[in-house]
Amino acid sequence: MSELITADLVDLDLSAETKDAAARSLAGRMVEAGRVTDLDGFLADVAAREAQMPTGLDGGIGIPHCRSEHVTEPTLAFGRSADGIDFGAPDGPADLVFLIAAPAGADDDHLTILSGLARRLMDPGFTGALRAEADPGAAAALIRGEEVPAAAPEDSATGTPEPADTDAAPEPFRIVAVTSCPTGIAHTYMAAESLEAAARAEGVVLDVETQGSAGFERLDPAVIAAADAVIWAHDVDVREKARFGGKPVVDTGVKAGINRPAELIAEARRKAERGEISRFADGRDEAEAGTGGSAGASGHFGIRLRTYLMSGVSYMVPFVAAGGLLIALSFAIGGYEIASAKSVADHFVWGEAASWAALLNQIGTAAFGFLVPVLAGYIAYGMADRPALVPGFVGGAIALTIDAGFLGGLVAGLLAGAAVMAIQRLKVHPTLRGIMPVLVIPLLASIAVGFLMFIVVGKPIASLQNALTDWLNGLSGSNAVILGVVLGLMMCFDMGGPLNKVAYAFAVGGLADPTPGSLKVMAAVMAAGMVPPLALALATTVRRGLFTATERENGRAAWVLGASFITEGAIPFAAADPLRVIPSVMAGGAVTGALSMAFGCTLRAPHGGVFVVPLIGEPFLYLLAIAAGTAVSTALVVVLKGMRRTPAPAPAEDGSGVTVAA
């Protein structure tokens with residue numbers, strides 16, 4: 001980091017009270033040093049970057065930074081504040097402020113500055129020395145890495161310095177990872193565990209952020225800053241991905257994180273060695289960078305499209321779950337006629353069960369009212385990040401207004417994301433960058449999406465949605481059974497993979513505008529998805545000898561996973577013996593899906609397994625369908641595994657060397 005900072009770029013008595021004032025004070029020193037040509041233009045670039053994501057780190061550190069056409073060479077300025085300045089860090093104000101400036105297009109230089117400085121900031125000795133230093137030149141030397149080494153200990157007998165230890169352990173390779181899947185229940189955490197195990201085996205320091213259904217705890221910004229590389233193993237868009245800007249990124253699906261973690265770690269090493277970095281080289285948000293949230297994701301358009309759609313579905317599911325369960329409870333308490341009750345805001349009696357049923361129904365209905373806007377908004381968010389939320393939600397609301405339903409929400413989300421991505425590619429003056437993601441982009445994209453939904457595509461989509469609804473409601477007899485078979489096969493083929501998620505998304509989408517047909521589809525999908533883990537759990541119980549000790553242990557856990565509708569509980573068995581396990585569970589899933597449709601079972605909740613059986617239409621027949629499919633899969637697994645030929649035990653010899661029959 002030599003020549004990046006000199007004594008005249010150090011202010012040990014920084015008097016600024018705000019981050020803008022601090023940036024202006026330090027940038028003024030850069031102007032005086034001839035390293036910034038336009039103070040206001042450069043500060044506009046700093047402010048635009050700061051508006052996207054706070055640059056405060058834990059430990060009292062602020063690192064405002066940007067690339068700018070007004071910077072002549074990579075430069076670092078340092079200021080020390082006695083009172084502290086708020087840079088948005090969770091633990092409070094920063095007293096150590098580093099302003100990093102790089103010329104436009106200087107990706108490698110900027111990465112070197114950020115990563116090198118971040119590593120040193122992890123050392124309490126370094127930050128402590130900066131807080132104690134009284135000389136600007138010495139502080140600059142510390143930051144450049146030129147601190148004077150401590151005196152070598154003297155030999156007590158001769159008085160001569162002892163040789164320094166040259167065998168210090170090398171710095172470990174550091175990786176931060178994010179794992180996520182559409183439902184955020186199983187694959188998310190399985191991928192995290194797999195990556196952690198592989199990292200331990202490779203001697204790599206790895207920290208994982210699991211963006212699951214229970215929310216997520218953000219990685220410490222200092223940990224991210226010190227990382228050598230990033231792994232994203234995700235099937236929905238990584239949240240707040242600008243935090244990882246300027247790092248080598250391995251971008252892949254969540255199943256790769258489960259199945260080949262060592263390969264991902266090796267790829268991360270190679271990218272770091274080659275100096276490859278993400279397209280957000282200076283940590284800018286996607287809105288400023290000019291690309292969508294998943295545009296940089298690896299894979300062809302079909303994979304990216306599925307990621308966009310699954311992002312919307314994953315955010316919609318909690319609304320469906322809460323709303324569906326509330327409405328189902330209201331029907332259980334007050335009957336189906338409770339849906340036409342008067343508003344509880346005007347008519348509510350504390351002691352009446354009907355009033356409580358009406359309250360639950362109306363809360364659930366309110367939750368359901370958000371389904372299509374949330375779906376559209378987060379599809380757009382998956383494509384183009386936060387600036388796309390407004391046009392996405394607006395398009396989803398319009399879809400409801402014109403009766404375009406779930407399909408309208410899908411199209412509105414894709415249109416909103418595409419509109420924002422197109423606007424982001426426009427070249428704008430640096431002074432406008434700060435208002436682009438919060439004003440200009442949402443405004444222009446909302447106008448475009450509104451025009452397309454109201455005038456161009458809305459009515460055809462509404463007609464298609466009505467036709468699909470009529471088709472589902474008209475399903476009966478063999479047609480319903482065939483649909484149940486198809487859904488059951490899809491749910492069990494890859495057990496949480498693409499086909500499973502397509503079937504699940506189809507069912508959840510029907511709950512956005514619930515009809516008798518869509519409720520039957522949801523019931524069939526959940527029932528079939530419970531079969532694989534339940535069948536393997538039963539098989540490990542009735543024929544223990546066909547399974548390894550590890551599989552028997554997994555079988556005990558699979559009882560709970562299957563009962564909870566976590567299909568992924570069967571993945572360890574399928575991975576170990578796919579040719580026998582997968583066809584077996586597909587057969588059972590097809591039987592269950594067909595029976596559920598034939599019995600006319602209905603379900604308003606998108607999840608819950610046996611725990612929502614009291615809220616299911618025809619609950620006893622529903623359990624019978626699950627039991628039948630589980631029995632079929634179990635029998636097939638046992639038969640197919642029992643057909644494996646095992647070598648006869650080798651003959652033994654007695655003590656005289658004579659062969660004895662075993």
Side-chain angles (χ1 to χ4, degrees), residues 172-212 219 227-238 241 244 247-274 276-278 294 296-304 306-307 310 492-502 532-533 536 548 550-551 553-554 557-558 561 566-582 585:
F173 191 77
R174 297 177 180 273
I175 296 177
V176 290
V178 175
T179 61
S180 65
C181 65
T183 52
I185 294 174
H187 280 81
T188 298
Y189 303 102
M190 293 169 68
E193 292 175 2
S194 183
L195 285 167
E196 288 170 344
R200 286 193 296 269
E202 297 284 340
V204 171
V205 176
L206 184 137
D207 294 275
V208 185
E209 178 177 292
T210 51
Q211 297 185 355
L219 287 168
D228 297 293
V230 179
I231 295 175
W232 291 340
H234 63 118
D235 280 347
V236 296
D237 194 55
V238 173
K241 63 172 58 176
F244 305 94
K247 301 286 184 182
V249 176
V250 176
D251 192 354
T252 186
V254 70
K255 293 193 76 173
I258 298 172
N259 297 329
R260 45 188 185 90
E263 294 180 25
L264 301 184
I265 291 173
E267 184 179 352
R269 282 184 181 275
R270 289 193 296 271
K271 286 197 171 189
E273 290 169 358
R274 293 195 296 262
E276 295 183 19
I277 59 175
S278 67
S294 296
S298 59
H300 55 72
F301 175 75
I303 294 176
R304 296 199 303 272
R306 182 174 67 87
T307 300
M310 289 299 101
C492 299
F493 172 69
D494 50 6
M495 288 165 277
L499 281 179
N500 173 285
K501 288 299 184 281
V502 167
L536 273 304
T548 66
T550 300
E551 288 175 328
E553 184 67 26
N554 288 334
L561 296 174
I566 300 178
T567 314
E568 291 89 341
I571 287 178
F573 301 93
D577 192 2
L579 295 180
R580 293 177 178 84
V581 171
I582 293 177
V585 297

Closest approach of [X] to [Y] (non-hydrogen atoms, all atoms of both residues):
{"X": "F244", "Y": "V178", "answer": "CZ-CG2, 3.6 Å"}
{"X": "L219", "Y": "A177", "answer": "CD1-O, 4.1 Å"}
{"X": "P533", "Y": "A570", "answer": "N-CB, 3.9 Å"}
{"X": "P248", "Y": "A272", "answer": "CG-CA, 3.8 Å"}
{"X": "I582", "Y": "A574", "answer": "CG1-CB, 4.1 Å"}
{"X": "R269", "Y": "E202", "answer": "NH2-O, 3.9 Å"}

Looking at [atom1] of [X] and [atom2] of [Y], how far apart are the two atoms once the value is rounded to the nearest 0.5 Å?
{"X": "L195", "Y": "R260", "atom1": "CG", "atom2": "CZ", "result": "11.0 Å"}
{"X": "I571", "Y": "D494", "atom1": "CD1", "atom2": "CG", "result": "8.5 Å"}
{"X": "E209", "Y": "T179", "atom1": "CD", "atom2": "OG1", "result": "8.5 Å"}
{"X": "I265", "Y": "L206", "atom1": "CD1", "atom2": "CG", "result": "6.0 Å"}
{"X": "T548", "Y": "N554", "atom1": "OG1", "atom2": "CG", "result": "7.5 Å"}
{"X": "T252", "Y": "E267", "atom1": "OG1", "atom2": "CD", "result": "7.5 Å"}

Pair V585-L536, side-chain contact (heavy atoms from CB on, under 4.5 Å): steps then yes or no: CA-CA 9 Å; V585 297; L536 273 304; 3.7 Å; yes

Close side-chain approach of V208 and E196, heavy atoms under 4.5 Å: yes

Close side-chain approach of V238 and Q211, heavy atoms under 4.5 Å: yes

Backbone of M495 reached by a side-chain donor or acceptor of N500 within 3.5 Å: no

Exam field: side chain K271 to backbone A229, donor-acceptor pair closer than 3.5 Å: no

